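So the structure is just underneath, and the comments pick up after that.
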Amino acid sequence: TMPIIRIINKLRHGLSWFVINLMVLSAAMACVIATFLFIRHELSYDRMHEKANRIYRVTTDSNRGATSIHPARVSGEWPQRLVAEYPAIEKIVRMVPFRKAVVKIGNQSFFCQKAYSTDSSFFDLFDFKLISGKSENTFARPGRAIICESLARKYFGSTDVIGHEITIIHQQDPTPKNFIIDGVMEDFPDNSHFHAELLTSFTTAEERSTWAYTYLLMKQGTDVAALRNDIQKNWKKINPETVNIPILYFQPLTDIHLF
């Protein structure tokens, strides 16, 4: 009888260790899988765009020794001059945020932190999908807007909103600006480094040279580092009004989220 009891006890002891080891292994595997999924998600940012490997955000660092200012936006007319001066740059997109915007739709008003004025080339660079309307040259016409699906459903109850009017008032300009909705776009995916609920055409010429998130589409095969060095070298020619020459950066679109 005793040997049988000993065997049973050993089996119980071994089973306990097996269960413990299995639980530890399962927890370790869960951590590995979670880490893998997190890294994959982080590395997937902005890769949904077909031209992602040719899109760069323009930034400058006004390093003056004691201080260094390196914002994500740039101002002035010089980014547009780059397109005219350098054939390797195919297109430019600027996104000017409406600061503390109040949007009015019918009798409803709400704050919108994700509203931007932008260029007609926006959808030439970024492949955000439209549910209704056409993306071609929408923002080339004044007073036009495209809103996201969730905004359309929340304030109109549907995505059938083309032709409706919205009004925007924002911090920099208290004068109400009216826009006609030309289309509805899908909500931006989580793995986009920026999210827009509302896009409009520029309302004034001054907006085109104010502080903007600025993106360049390079032609296929462009040596971006050499291009950047050439622009830096000839900065005064492109931007003669500059007093202190900043350090120019071209940030690859797919690196922006991580850096």
Side-chain angles (χ1 to χ4, degrees), residues 46 48-52 54-58 73-99 101 103-105 112 114-149 151-152 156 159-170 172-173 175-188 192 194-220 238 253:
D46 299 304
M48 76 287 292
H49 306 295
E50 182 183 350
K51 305 181 186 77
R54 294 197 286 136
I55 301 173
Y56 293 78
R57 186 173 69 180
V58 182
R73 293 180 291 164
V74 295
S75 65
E77 297 178 358
W78 62 269
Q80 188 63 47
R81 294 183 199 136
L82 294 181
V83 182
E85 187 75 20
Y86 292 90
I89 302 174
E90 198 170 305
K91 292 185 179 181
I92 183 174
V93 167
R94 287 154 299 182
M95 295 178 62
V96 178
F98 287 97
R99 302 296 297 273
V103 181
K104 184 179 180 182
I105 298 177
C112 182
K114 301 175 182 177
Y116 302 86
S117 294
T118 191
D119 288 293
S120 59
S121 51
F122 179 86
F123 289 105
D124 294 333
L125 270 70
F126 302 112
D127 298 324
F128 299 114
K129 297 178 181 178
L130 290 187
I131 296 170
S132 61
K134 295 182 179 179
S135 60
E136 293 82 4
N137 295 320
T138 290
F139 303 122
R141 296 179 292 171
R144 299 292 163 169
I146 290 180
I147 67 175
C148 70
E149 181 181 4
L151 212 62
F156 290 99
T159 57
D160 185 18
V161 297
I162 292 179
H164 286 265
E165 185 177 85
I166 64 173
T167 302
I168 300 177
I169 301 173
H170 62 106
Q172 285 105 326
D173 187 356
T175 306
K177 298 290 191 303
N178 297 322
F179 299 91
I180 301 297
I181 298 176
D182 261 3
V184 177
M185 57 189 175
E186 291 183 354
D187 291 354
F188 286 21
S192 173
F194 69 89
H195 295 82
E197 295 178 335
L198 172 61
L199 296 171
T200 76
S201 49
F202 287 115
T203 57
T204 64
E206 289 76 17
E207 275 189 316
R208 297 180 182 276
S209 59
T210 190
W211 287 95
Y213 299 101
T214 303
Y215 302 85
L216 300 178
L217 175 65
M218 305 297 185
K219 288 186 177 178
Q220 196 75 45
I238 299 161
L253 180 68

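From a predicted model like this one, the values you see are computed outputs, not experimental measurements.
Between the side chain of Thr118 and the main chain of Arg94, a donor-acceptor pair closer than 3.5 Å is present. Remark: the backbone N or O of Leu125 is not paired with any side-chain donor or acceptor of Lys91 at under 3.5 angstrom. In this structure, the side chain of Thr159 does not engage the main chain of Glu149 through any donor-acceptor pair within 3.5 Å. Checking side-chain atoms of Arg54 against main-chain N and O of Met218 turns up a donor-acceptor pair under 3.5 Å. Side-chain N or O atoms of Thr214 include one that pairs as donor or acceptor with a backbone N or O of Ala212 at under 3.5 Å.
Annotation for Asp160 and His164: closest pair O-NE2, 4.0 Å, computed over non-hydrogen atoms. A pairwise comparison of heavy atoms in Ser201 and Ser117 identifies O-OG, 3.8 Å as the closest pair. Residue Glu77 comes nearest to Ser209 through the heavy atom pair CG-CB, 3.8 Å, listed as atom of the first residue, atom of the second, then distance. Considering all non-hydrogen atoms of both residues, Phe128 and His49 come closest at CZ-CE1, 3.5 Å. Heavy-atom minimum distance, Ala52 versus Leu253: O-CB, 3.9 Å. His195 and Lys114 get closest at one heavy-atom pair: O-CB, 3.4 Å.
When the options Ile147, Leu151, Thr167, Leu198 are evaluated for a side chain to side chain contact (heavy atoms under 4.5 Å, CB included) with Val103, the one that passes is Leu198.
Phe123 has its side chain out of reach of Thr138: every pair of non-hydrogen atoms, C-beta onward, lies at least 4.5 Å apart. Between Asp124 and Glu90 there is no side-chain heavy-atom pair separated by less than 4.5 Å. Counting heavy atoms from C-beta on, the side chains of Pro176 and Ile168 never come closer than 4.5 Å.
Within a 6.0 Å radius of CZ in Arg99, other residues, nucleotides and ligands contribute 12 heavy atoms or fewer. Around atom CD of Glu186, more than 12 heavy atoms belonging to other residues, nucleotides or ligands sit under 6.0 Å away. Within a 6.0 Å radius of NZ in Lys104, no more than 12 heavy atoms belonging to other residues, nucleotides or ligands are found.
Not less than 6.0 angstrom separates the ring centroid of Phe122 from the ring centroid of Tyr116.
Between Phe188 and Phe194, the ring-plane angle classifies as perpendicular under the 30° and 60° cut-offs.
Between Asp182 and Arg141 there is a salt bridge, since at least one side-chain N of the basic residue sits less than 4.0 Å from a carboxylate O of the acidic one.
Atoms CZ and OH, from Arg73 and Tyr213 in turn, are 5.0 Å apart once rounded to the nearest 0.5 Å.
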